[in-house]
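Heads up, the thing below is written out as structure tokens.
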2 protein chains.
Amino acid sequence: MTGSTITLDEKPMSSHAILARVLNRSHQHDSLVGTIAEQVGRDIIAGRLAPGADLNSVELSHQFDTSRTPVREALMLLEKEGLVEIPPRRRPRVARLSIGEVREIYQVRAHLYGLVAELIVANASDEAINSLRPHLQAMQTAARAGDLDAYFWPNVAFQDTETAICGNAVVRRILDSLMLRMLQLRHLSLSQPGRLQESLVDHERLLRAYYERDVALAIALKRGIVLRGLAAIERSGWTGATPRSESGSQDDPATAEWPGDEGT
Amino acid sequence: MTGSTITLDEKPMSSHAILARVLNRSHQHDSLVGTIAEQVGRDIIAGRLAPGADLNSVELSHQFDTSRTPVREALMLLEKEGLVEIPPRRRPRVARLSIGEVREIYQVRAHLYGLVAELIVANASDEAINSLRPHLQAMQTAARAGDLDAYFWPNVAFQDTETAICGNAVVRRILDSLMLRMLQLRHLSLSQPGRLQESLVDHERLLRAYYERDVALAIALKRGIVLRGLAAIERSGWTGATPRSESGSQDDPATAEWPGDEGT
DNA sequence: CCACAAACAAGTGTCGACACAAACCCGTAT
DNA sequence: ATACGGGTTTGTGTCGACACTTGTTTGTGG
């Protein structure tokens, strides 16, 4: 197995909506390029396209029955979100994450979520904070059942709602983009033993801190949530390298696409 | 007077290099799209293209003697950097900043520069910190002469070097992008009375804090530098609206390009 | 004289084609 | 058998063309 495969198509209501929002920020939803970007982006995030997999525009244009122009645009859009690498004059590839880059991203996420928490405490109305509760409740029931997949998306939605109600669109945009690249990792992170329960109690405490307008506590909790996520990833031994083929150097093209490995 | 026009072409050594680096992150430098993006981006930042000005691809393709394809790519690149707005099926326009968005950006910048300061204190070698000194010295001489334009670019270079030596490429990327959109505003900010001297002493203290590895002080100073920049902008009365033509609604197309108003 | 509608002009999104670069394949020489 | 070099194939970057949409001007009626 490839570590952890996100079940994207099983729960389309929340996941699809979130991904579409993040990806289709600039282009209209029904646009051709938007459709392509969404589909390919989903395939990347769900792990159906392995890091390093070739994404040449002619094959994709055949696949989507269009010309190469919208495909190229879609790939550029995904590159901007960090999901795709487009070296000049070379075939686009699914972006590959290194453990170092993951640490950097989590560092930034920790700080920016601190800002989000601060803003929520300072500006968000009680009703806005209330909109976090349903997600937390879904997380609670899922955690009690020990169901990782049922926990994952409410958790994502919780954080998405936080960035929404903090009132700062710029930080939301940045965190959205970083979220996209970290989705698989966060799934892996939550799959670590004990992680689910830990995450839950953190979020419960966090919501209380929001209600009680406790700035310092909210910031500390929020940062802690992010950093404990990173710690879980480190604990998991994830490195970003392709499992097999540890043939010395790191820039080997890797196996183009996962062989098989569907389902849960 | 359009407020403050940045003299971009006067000091090409540093400014061009920085802008090229930020804009040409993904594409090779000599590429057609890179050239176009760089040129148009410079025109926007320098204020030669007013916010709201039309950027239709056919005119630009004539201007650069190419087809529309690379022009469109360049505009998408600039849109990703926040300098251009491309509404679907509508002409691309130079992005217009609202005071609210500026506040949001400065909030994010303040927090992320706090992270940068923290990382510099924690990780940067003394030699790396030394590389900040020449820029500070240029700022000192410029401040003594009261020369805003001579102060501006070393100041930008100082902050650019900070993000470079902090060791976190992700935060650097984000701050680069935000810097691009704020360049004109920072120029305006520094043009406020007393601002230049204030900024200088802050940076002098900051560099000492870096050397002495004083985390808390460095973070506080760095944040303060950013936030005082915002305060100066607010003090200047800048709103983002086009000076004349306050004809009720805010989404009027505005005068396409500045009439005249060249030079200092 | 102004409001409204129909023709017109201008611009975007998409397409297929082509030149050149990169990846791949295969034969050759060591 | 393996490493190198030329030829072939695949794919990118760019181009001009075309349909459809948007914005503008003109013509008509109130």
Side-chain angles (χ1 to χ4, degrees), chain A residues 23-40 49 52-80 84-95 245 247-249 251-257, chain B residues 23-40 49 52-80 84-95 247 249 251-257:
Chain A
L23 283 176
N24 279 344
R25 181 173 295 106
S26 42
H27 291 263
Q28 72 257 30
H29 48 293
D30 60 329
S31 168
L32 198 36
V33 29
T35 310
I36 300 172
E38 208 177 311
Q39 180 63 44
V40 176
L49 290 167
D54 251 34
L55 288 175
N56 77 72
S57 55
V58 54
E59 182 181 341
L60 285 174
S61 67
H62 280 170
Q63 196 172 318
F64 286 95
D65 200 45
T66 64
S67 116
R68 279 180 45 236
T69 314
V71 171
R72 277 171 53 83
E73 265 184 47
L75 290 178
M76 288 176 58
L77 216 159
L78 292 171
E79 187 204 24
K80 147 173 126 190
V84 167
E85 293 169 355
I86 311 185
R89 279 281 173 196
R90 235 162 229 91
R91 293 199 199 76
R93 283 195 296 262
V94 177
S245 87
S247 56
S249 117
D251 68 310
D252 85 307
T255 43
E257 299 200 13
Chain B
L23 284 176
N24 281 343
R25 180 173 299 105
S26 42
H27 292 262
Q28 72 256 32
H29 47 293
D30 61 330
S31 167
L32 199 35
V33 28
T35 311
I36 300 172
E38 207 176 314
Q39 180 64 46
V40 176
L49 290 167
D54 253 33
L55 288 175
N56 78 73
S57 55
V58 52
E59 183 180 341
L60 284 174
S61 67
H62 280 170
Q63 195 172 321
F64 286 96
D65 201 44
T66 65
S67 115
R68 282 194 316 124
T69 313
V71 170
R72 276 172 52 85
E73 266 186 44
L75 289 178
M76 289 175 57
L77 215 159
L78 292 172
E79 188 204 26
K80 145 172 129 193
V84 167
E85 292 169 356
I86 312 186
R89 280 279 173 198
R90 236 161 230 90
R91 296 198 201 80
R93 283 195 299 262
V94 176
S247 56
S249 119
D251 69 309
D252 83 306
T255 43
E257 299 198 13

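Proteins come first, then strands; the chains are lettered A, B, ... in the order of their sequence lines, and each starts at number 1.
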(request) Look at the side-chain N and O atoms of A:Ser57 and state whether any lies under 4.0 Å from the OP1 or OP2 oxygen of D:dT12. (result) yes
(message) Is the phosphate of D:dT14 approached by B:Ser67 (side-chain N or O, under 4.0 Å from OP1 or OP2)?
(response) no
Nearest whole angstrom, please: distance from the [atom2] of [N] to the [atom1] of [X].
{"X": "B:Arg68", "N": "C:dA10", "atom1": "CZ", "atom2": "P", "value": "15 Å"}
{"X": "A:Arg72", "N": "D:dT12", "atom1": "CZ", "atom2": "C1'", "value": "7 Å"}
{"X": "B:Asn56", "N": "D:dG23", "atom1": "CG", "atom2": "P", "value": "13 Å"}
{"X": "B:Leu75", "N": "C:dG11", "atom1": "CG", "atom2": "C1'", "value": "13 Å"}
{"X": "A:Asp65", "N": "C:dG16", "atom1": "CG", "atom2": "P", "value": "9 Å"}
{"X": "B:Leu55", "N": "C:dT12", "atom1": "CG", "atom2": "C1'", "value": "14 Å"}
{"X": "A:Glu73", "N": "D:dG13", "atom1": "CD", "atom2": "P", "value": "14 Å"}
{"X": "B:Gln63", "N": "C:dG11", "atom1": "CD", "atom2": "P", "value": "13 Å"}

(message) Working to the nearest 0.5 angstrom, can you tell me the gap between A:Leu78 CG and A:Leu23 CG?
(response) 6.0 Å
From the set [options], return the single nucleotide nearest to any side-chain atom of [X].
{"X": "A:Arg89", "options": "C:dA22, C:dT12, C:dC15", "value": "C:dA22"}
{"X": "B:Leu32", "options": "C:dA21, C:dG11, D:dC15", "value": "D:dC15"}
{"X": "B:Arg91", "options": "D:dT12, D:dG23, C:dC15", "value": "D:dG23"}

(message) Going by the rule salt bridge (charged side-chain N to carboxylate O under 4.0 Å, His left out), which residues pair with B:Arg91 if we only count those two or more places apart in sequence or in a different chain?
(response) B:Asp54
(message) With a 4.5 Å cut-off on side-chain heavy atoms, are A:Arg72 and B:Glu73 touching?
(response) yes
(message) Are the side chains of B:Val94 and B:Leu55 in contact, using a 4.5 Å heavy-atom criterion?
(response) yes
(message) Return whichever of A:Thr69 or A:Arg90 has its heavy-atom-nearest nucleotide of DNA chain C closer to the 5' end.
(response) A:Thr69
(request) Indicate whether the side chain of B:Ser57 and that of B:Arg68 have a donor and an acceptor atom separated by less than 3.5 Å. (result) yes
